[in-house]
Amino acid sequence: MEKTSRFSTRNLTIMALLIALEIILSRFLSISAWNIKIGFSFVPVVIAAILLGPLQAGLVGAIADFVGAILFPIGAYFPGFTLTAFLTGVVFGLFLHREQTIPRTLAAVGINQFILSLFLNSLWISILYGSPYGPLLATRIVQVLILSAVQIVCIPLLGKVMGRIGKQVSA
């Protein structure tokens, strides 16, 4: 079996499709308020992480965030959110690319939700809107808890589906 390049035509095509899907899920099929966003936009990034690895998953997250913000703005564009989107993909890729066990899933979700989403995105919102950081954390904890539970349930299911698809594609 030939080892494919990280940026082969196949991988770039997969990344492009996942970027488009992430934009649709994030911009049109999410519940959003100025400081809270709940949806399934993590799914394409997790798929990229499982199939392609950390760098590609990070790029899917970052490019989707940037293109989505430019084409379908929800508020002012802020590069901090793009950085967080990149780091989210990298974390998912580091933990989920080779295997999707419960401890790896819990670690990826924990880092992404509690460090990147709660602390880092709250910092970006605080800077962007001039909101006090402490009270902002308190309002965003509900989002983090809901999305953590959703991701802990969905990621193992995605891992199983991607495992089946991967076997069919390589056969």
Side-chain angles (χ1 to χ4, degrees), residues 1 3-32 36-69 72 74 81-121 140-171:
M1 187 163 106
K3 183 175 168 113
T4 59
S5 163
R6 283 185 184 189
F7 296 102
S8 66
T9 303
R10 175 187 175 271
N11 289 355
L12 288 172
T13 303
I14 291 169
M15 290 171 65
L17 290 169
L18 293 173
I19 288 166
L21 180 59
E22 197 280 344
I23 291 170
I24 292 166
L25 291 173
S26 175
R27 302 293 166 167
F28 302 110
L29 300 175
S30 293
I31 299 168
S32 294
I36 295 175
K37 187 174 190 178
I38 297 175
F40 288 92
S41 60
F42 69 92
V43 170
V45 178
V46 169
I47 292 171
I50 291 170
L51 294 178
L52 305 172
L55 177 61
Q56 292 86 342
L59 289 172
V60 165
I63 293 168
D65 180 78
F66 179 76
V67 172
F72 310 104
I74 294 170
F81 296 117
T82 303
L83 173 63
T84 302
F86 176 78
L87 293 173
T88 297
V90 169
V91 169
F92 277 137
L94 289 172
F95 284 95
L96 303 175
H97 181 54
R98 297 289 177 217
E99 58 181 322
Q100 302 84 46
T101 63
I102 296 299
R104 287 173 159 281
T105 299
L106 291 174
V109 170
I111 291 168
N112 279 330
Q113 285 302 313
F114 289 95
I115 294 174
L116 297 179
S117 181
L118 182 62
F119 292 114
L120 195 55
N121 276 350
R140 289 178 42 81
I141 193 74
V142 173
Q143 169 190 320
V144 167
L145 293 172
I146 291 169
L147 281 177
S148 294
V150 169
Q151 288 180 0
I152 289 168
V153 169
C154 289
I155 289 172
L157 298 173
L158 286 170
K160 288 180 184 176
V161 170
M162 291 299 102
R164 289 186 191 137
I165 290 172
K167 289 177 187 173
Q168 290 174 354
V169 169
S170 63

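By convention here, the first residue in the shown sequence is residue 1.
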**OP:** Could you tell me whether a side-chain N or O of Arg104 sits under 3.5 Å from a main-chain N or O of Phe95, the two making a donor and an acceptor?
**Re:**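 Indeed, once roles are kept as given, a pair shorter than 3.5 Å links the two residues.
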**OP:** Examine distances only and state if a side-chain atom of Gln100 and a backbone atom of Leu96 form a donor-acceptor pair shorter than 3.5 Å.
**Re:**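 Yes: the side chain of Gln100 pairs with the backbone of Leu96.
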**OP:** Determine, stepwise, if the pair Asn121 / Arg140 fulfils side-chain contact (heavy atoms from CB on, under 4.5 Å).
**Re:** CA-CA 10 Å; Asn121 276 350; Arg140 289 178 42 81; 3.5 Å; yes
Could you measure the distance from the [atom1] atom of [X] to the [atom2] atom of [Y]? Nearest 0.5 Å is fine.
| X | Y | atom1 | atom2 | answer |
| --- | --- | --- | --- | --- |
| Leu157 | Ile152 | CG | CD1 | 12.5 Å |
| Leu17 | Met15 | CG | CE | 11.5 Å |
| Thr84 | Leu120 | OG1 | CG | 3.5 Å |
| Leu145 | Leu118 | CG | CG | 8.5 Å |

**OP:** Indicate, with yes or no, if the rings of Phe92 and Phe42 have centres closer together than 6.0 Å.
**Re:**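 No, the ring centres sit 6.0 Å or more apart.
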Ignoring hydrogens and angles, write down the donor-acceptor pairs under 3.5 Å from the side chains of residues 46-67, residues two or more places apart or on other chains.
from, atom 1, to, atom 2, distance (Å)
Gln56, NE2, Arg6, O, 3.2
Asp65, OD2, Thr82, N, 3.3
Asp65, OD2, Thr82, OG1, 2.5

Subject >> Candidate list Leu21, Leu29, Val150, test side-chain contact (heavy atoms from CB on, under 4.5 Å), partner Phe40, passing option >> reply: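 Output: one option passes, namely Val150.
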Close side-chain approach of [X] to [Y], heavy-atom, < 4.5 Å:
| X | Y | value |
| --- | --- | --- |
| Pro156 | Thr105 | yes |
| Ser117 | Asn112 | no |
| Phe86 | Val45 | no |
| Pro44 | Ile19 | no |

Subject >> Nearest non-hydrogen partners of Ala69 and Arg27, listed with the distance >> reply: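 Here Ala69 and Arg27 meet closest at N-NH2, 3.2 Å.
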**OP:** Flag yes if more than 12 heavy atoms outside Ile31 fall under 6.0 Å of its CD1 atom; otherwise flag no.
**Re:**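 Counting neighbours around CD1 of Ile31, 12 or fewer heavy atoms of other residues, nucleotides or ligands fall under 6.0 Å, so no.
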